[in-house]
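Below: the structure, in C-alpha cells.
If you read the sequence from its start, that first residue is 1, and numbering goes on from there. Scope of the values below: all heavy atoms of this structure, side chains included, with no hydrogens, waters or symmetry mates. All ligand and atom numbering here is 1-based and tracks the order in the structure.
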Amino acid sequence: MKWSKNSWRSYEAKQMPTYSDEKKLNGVLDNLSSMPPLIFAGETRSLKSQIHQVQKGEAFYLQGGDCAESFSELNPNTIRDTFKLLLQMSVVLTFATNTPVVKLGRIGGQFAKPRSSDFEEKDGLKLPSYRGDIINSYEFTKESREPDPQRMMQAYNHSASTLNLLRAFAQGGFASLTQLNKWNLDFASNFESTQKYKLISQKIEESINFMNACGINENNTRELRETDFYTSHEALLLPYEEAFTRVDSTTGDWYNVNSHFLWVGDRTRDPDGAHIHYLSGIKNPLGLKVGPSTNIDDLKKNIEILNPENEGGRLTLIIRMGAEKIQSTFPNLLKEIDKLGLNITWVCDPMHGNTSTSNSGYKTRATYNILNEIKSFFEIHHSQGSIPGGVHLELTGLNVTECVGGPEDIKDENLGDRYHTFCDPRLNVNQSLELSFLLADLLSNGDSL
Ligand code: PEP
Ligand code: CO
C-alpha cells in the first residue's frame, strides 16, 4: 500500500487507547495539525549524519531520560538536572575516548507508554491501565483512567516549553565547557566517580586555559560554547504523531516535526503492524527496540521496511535482552544481521530486560545487571569485530532511589525513600556517573582514566 501520513490507519495498531468522544478527538487532532513544529527537518538530517559516524566508530551514542515524562513534574530544575547529567556523562566519555558524543534525551515528548496489561486491579477494583500522561492520568479512579484527547494538546504544550528551555541550555552558555566546574557544585560526595569527575574537569580547565592563551575561546569557537542536543520519544500514539507529520519544504520529504528521533517499542514492532508502517514513511532517524522474543526473519523484514535504501544513520537497533539473555540471544542475532553488510547502528538498552519486583513491592532494577548487560554487549561486539555504538538509558538528574546498588549501595529497604517514577525505575545521578566511567573503561580498554 502507498504510504501517506494516515495510511497506518489501515493496519493493526497495538497499544492504542479507545477514545469515547470521536468529535472531541478529531477537534484536538485538527488543532494539533496546525501547531508550529517543535523541530526542523534539517536538524534531523544533522543527527542522522552524526549517528552514521557512531556506526563507523567515530562517535558515541548516549540516549537517556525518563521512562515516562509527566505533566506534574514539568519543572525547569528537573529538565536542567537531566540535561546536566547527560552533559557530564558525555564529558567523561569524550575525555576517555577522544571522540564526540551524540546526545539524545528521552525528553520533550516521551509521554505515551505501552503496557503489558490493558487493566490494573487494586483492592478488587479493575480499571484501564495508565498509558502515560498524553493518554490518561496516573490516579486510580475511573474518571482519571478514561483516555482524554485534550491531553495531547497538553503534551504538545509541555514538549514546546521543555524544548524551549533545552535549546536555551544548549546554546545560551550553560553548556559551555568553561562552566564545567559549575556543573559540579552539587557533587558533595566522596564517591570514586565524583572524584574522578573532578579530576577530569580540572584537566579540561587546564586545556581550556591553554587554548585561551592561543586565542581559541568561547567567543570565537562555537564548539566550546554550545552543544548539540536532540530529542526523542517512542512513536506509540499514532494519531498524535500523524498530526506532526509534515512535508519539508527544502526536500519535499515527509518528516515528523515533533521530535528529532523516534523509536518503535518492543511491543509494537510487528512488521505488518501500523507502527512500523507509519515510521517507514518519515525521514527522521529511527530506532527499533530488539527484545529477547525477536524473530530474525521479522527483524530482517523490519530493516528492509524501515531502511530500504540502506541509508547510513537511518536505523539504530536498540538491543534490550536482559543481562542473562543477551549472552544466549545476541551473538547469533548480531552474526545474522552483520552478514547482510547493511548500515546499522547498534545500541544497548540495559534497562528494559532487567526489571524485577523487589521484596518491598517496588519495580526496580539492579545496577550490576545493568552494568553486566552493557559489558556483554561490548564483549559480543568485540568478539565479532563489530562496533558497539552506545547506550539507551532511563535516568534522571534527581537523587532518586529507584534502582538498587550503585555508589550509595541502595538496598531493597531504601527504595521507598525517594521513589518518584511514574513508570520504570531510573538510574540516579551517582549511578549514572558510575556507569559513564564503566563505559569509558570499556571504550578505551581500561586504560583511559
Ligand atoms: C521504554 O523504552 O520505555 C519501553 C517501554 O521499552 P521497550 O519497548 O523496549 O519495552
Ligand atoms: Co521504560
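For the 3.5 Å distance criterion, the side chains of Asp338 and Gln384 fail to qualify, holding no donor opposite an acceptor.
Distances shorter than 4.0 angstrom do not occur between any heavy atom of Gly291 and any atom of ligand 1.
Taking 2.8 Å as the threshold, His352 counts as a candidate ligand of the Co ion (ligand 2), since one of its N, O or S atoms lies below it.
Under the 30°/60° scheme for interplanar angles, the aromatic rings of Trp3 and Tyr278 are found to be tilted. Using a 30° and 60° split on the angle between ring planes, Tyr419 and Tyr362 fall in the tilted class, from 30° to 60°. Between Phe378 and His382, the two ring planes are perpendicular [angle over 60°; tilted spans 30° to 60°].
Contacts with ligand 1 closer than 4.0 Å are made by side-chain heavy atoms of Glu394 only, the backbone lying farther away. At a 4.0 Å heavy-atom cut-off, ligand 1 does not touch Ala68 at all.
The nearest heavy-atom contact from the protein to atom 5 (C) of ligand 1 is Pro114 CG, 3.7 Å. Ranking protein heavy atoms by distance to atom 8 (O) of ligand 1, first place goes to Asp266 N, 2.8 Å. What sits closest to atom 10 (O) of ligand 1 on the protein, heavy atoms only, is Arg320 NH2, 2.8 Å. At the shortest separation from atom 1 (C) of ligand 1 among protein heavy atoms lies His352 NE2, 3.0 Å. In this structure, atom 6 (O) of ligand 1 lies nearest to the protein heavy atom Lys289 NZ, 2.9 Å.
Geometrically, ligand 1 and Asp349 share no nitrogen or oxygen pair separated by less than 3.5 Å.
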List the atom pairs, with distances to 0.1 Å, where a side-chain N or O of residues 316-335 and a protein N or O form a donor-acceptor pair under 3.5 Å, not counting sequence neighbours.
from: Gln327; atom 1: NE2; to: Ser376; atom 2: OG; distance (Å): 3.4
from: Ser328; atom 1: OG; to: Lys325; atom 2: O; distance (Å): 3.2
from: Thr329; atom 1: OG1; to: Lys325; atom 2: O; distance (Å): 2.7

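Here the OH atom belonging to Tyr61 is positioned 14.5 Å from the CG atom belonging to Leu93, to the nearest 0.5 angstrom.
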